[in-house]
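Accompanying notes for the structure given below.
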There are 2 protein chains.
Amino acid sequence: MTMNIVSPAKGARAVEQAYDFLKNAILSGEFTARMHLREGAIATQLGLSRTPVREAFRRLGAEGWLEITPNAGAKVAEWSPRDIEEVFEVRMLIESRVAGRAAQRATEAQIARLRALAEQMSAMAECPVDKVLDERSAVNAQFHDLLVEAAGSQRLKRLLDLVVEIPMVKWVFGSYQPAEVRRSAAHHHEIVAAVEAHDAEWASAAMKSHILSAHHAVMRRLRELDGLPKQEQL
Amino acid sequence: MTMNIVSPAKGARAVEQAYDFLKNAILSGEFTARMHLREGAIATQLGLSRTPVREAFRRLGAEGWLEITPNAGAKVAEWSPRDIEEVFEVRMLIESRVAGRAAQRATEAQIARLRALAEQMSAMAECPVDKVLDERSAVNAQFHDLLVEAAGSQRLKRLLDLVVEIPMVKWVFGSYQPAEVRRSAAHHHEIVAAVEAHDAEWASAAMKSHILSAHHAVMRRLRELDGLPKQEQL
DNA sequence: GAATTTCTTATTGCATACAAACTAACGTTT
DNA sequence: AAACGTTAGTTTGTATGCAATAAGAAATTC
């Protein structure tokens with residue numbers, strides 16, 4: 001009775017498929033800024049109906065990747081240097097606060113896990129950049145997530161996720177020079193030390209340094225890219 | 001079973017209709033926390049099809065009012081006192097930064113408009129509470145929006161809108177005692193003065209006071225409501 | 001009698017169909 | 001020739017139908 005006629009993609013719902021495809025295309029620069037996207041075109045390209053594509057459009061709109069105007073469709077949002085600065089500003093404000101709270105509330109187990117992640121980071125710092133970029137991004141994300149967890153700020157996490165976006169993190173790492181990678185690893189260790197000492201001020205300041213350093217690297221990268229074709233935006 | 005009560009619907013699209021209805025119902029407490037909402041029921045109640053209702057669900061999900069789980073529908077999100085504290089924390093961080101930036105960048109024209117709004121606020125401070133609650137909320141929202149505009153932070157505005165939500169502002173005002181209303185008006189005047197003096201530190205500190213004061217009022221209100229039936233959550 | 005299984009039912013996810021809105025090109029009018 | 005109105009052709013917005021999944025009830029088994 002349960003005869004699967006054809007199951008094209010098990011587990012992956014259609015909306016997810018559309019969402020992932022679109023976000024990937026935007027992040028990779030395949031869909032350039034201000035480009036107009038049509039529901040129908042994407043739908044046929046993915047072999048879906050317009051309904052899930054539309055849903056993905058709305059979600060990406062809410063997250064700031066697309067600009068949706070009521071009867072005129074969606075266009076890819078443009079990120080000016082100023083926009084990126086704002087993102088870093090917010091990250092700095094929120095994450096340094098999170099680090100402070102984590103210092104006050106982290107359990108021994110959480111501190112141990114933080115330390116392990118920082119170690120992992122240091123170990124990877126010496127590898128050639130390209131080999132471990134994805135992995136490094138993942139570990140970094142885990143570190144920051146764990147910090148939020150230790151701070152006991154569930155709502156904040158949702159907000160941060162909206163702002164920080166994992167792929168952008170990867171982009172940050174791509175902007176780092178070797179010395180900056182090591183500095184970033186050192187920051188993580190310092191944050192762990194501050195949390196371990198339950199010193200909120202210290203943790204907050206260390207995190208502030210950490211974000212500002214990343215900010216600096218990204219803005220330098222942007223200036224460099226100014227001279228290049230807008231082919232490789234990521 | 002078309003229970004189409006009133007739908008003037010001049011130019012109002014179906015999604016908007018569903019969105020407004022749902023948000024209103026959530027904010028007014030008609031839909032209590034953890035309550036399960038079914039697309040079909042809402043749709044027939046509003047005389048619409050499920051499609052726009054569904055879209056409204058997703059939007060409210062992205063904004064944190066509903067919790068959506070893939071094959072199990074939507075339930076009204078629960079706001080713990082801790083959640084509300086987090087919102088105020090973020091508001092304090094971001095808005096005080098905004099005020100600082102506004103102090104550095106505001107034009108004469110913007111300052112004039114800020115002052116006018118602050119005056120308007122003071123004038124309303126002496127009126128009986130119920131009469132001008134909506135109006136006061138509107139003016140307050142204009143004040144804060146103008147400040148963001150003066151700070152030149154477009155992306156930040158989107159983020160703040162996500163966090164601060166105008167109806168919640170109204171709720172704040174409902175929590176104010178007469179003395180606090182006057183204090184709030186005084187804060188606005190002080191912020192204008194700081195912006196006029198182009199003193200970022202001062203503007204930032206004044207805004208911080210302003211938000212913390214609101215935070216205090218709301219948390220007191222919450223404690224009071226603890227003893228009451230959960231009927232009137234707003 | 002409790003637990004597991006199966007069957008029923010209610011609800012979501014997706015596809016298709018249709019209506020409304022916008023775009024743009026053409027022709028008419030002044 | 002310029003401006004406007006009209007109309008054909010997209011493209012988005014909404015409705016409906018069907019398939020898939022989850023929740024709940026009844027029945028069977030241990």
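Below, chains carry the letters A, B, ... as their sequence lines are ordered, and counting in each starts from 1. Worth knowing before you read on, the calculation uses all heavy atoms, side chains too, and leaves out hydrogens, waters and symmetry mates.
Distance, B:F57 CZ to C:dT11 P: 12 Å, rounded to whole Å. Here C:dT12 presents its C1' atom at 16 Å from CD of B:E55, a figure rounded to the nearest Å. Following rounding to the nearest Å, A:R54 (CZ) and C:dT16 (C1') show an atom-to-atom distance of 15 Å. Look at CD1 on A:I42: it is 10 Å from P on D:dT12, rounded to the nearest Å. Rounding to whole angstrom units, CZ of residue A:R13 and P of C:dA15 are separated by 12 Å. One atom, CZ of B:R50, and another, P of D:dG17, lie 12 Å apart when rounded to the nearest Å.
Note on ring orientation: taking the six-membered ring where Trp is involved, the planes of A:W65 and A:W79 are tilted (angle from 30° to 60°). Using the six-membered ring where Trp is involved, B:F31 and B:F21 have ring planes that are perpendicular, over 60° apart on the 30 and 60° scheme.
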(Q) Quick one, A:H210 with A:H215, criterion ring-ring contact (aromatic ring centres under 6.0 Å, His included). Give me CA distance, side-chain angles, the key distance, then yes/no. (A) CA-CA 9 Å; A:H210 184 53; A:H215 181 188; over 10 Å; no

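No salt bridge links B:E119 with B:R115; every basic N to acidic carboxylate O contact stays at or beyond 4.0 Å.
Of the two residues contacting DNA chain C, namely A:P52 and B:G40, the nearest-nucleotide position lying further toward the 5' end is that of B:G40.
Summarising the geometry of B:A118 relative to B:V192, their closest heavy-atom pair is CB-CG2, 4.2 Å, with the distance given to 0.1 Å.
Listed pair B:T51 / D:dT14 fails the phosphate criterion, with no side-chain N or O lying under 4.0 Å from OP1 or OP2.
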Are any protein N/O atoms closer than 3.5 Å to N/O atoms in nucleotides 5-11 of chain D? If there are, list each pair with its distance.
residue	atom	partner	partner atom	Å
D:dT11	OP1	A:R38	NE	3.3

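Of the options B:R220, B:M219, B:E224, a side-chain contact (heavy atoms from CB on, under 4.5 Å) to B:L222 is made by B:M219 and by none of the others.
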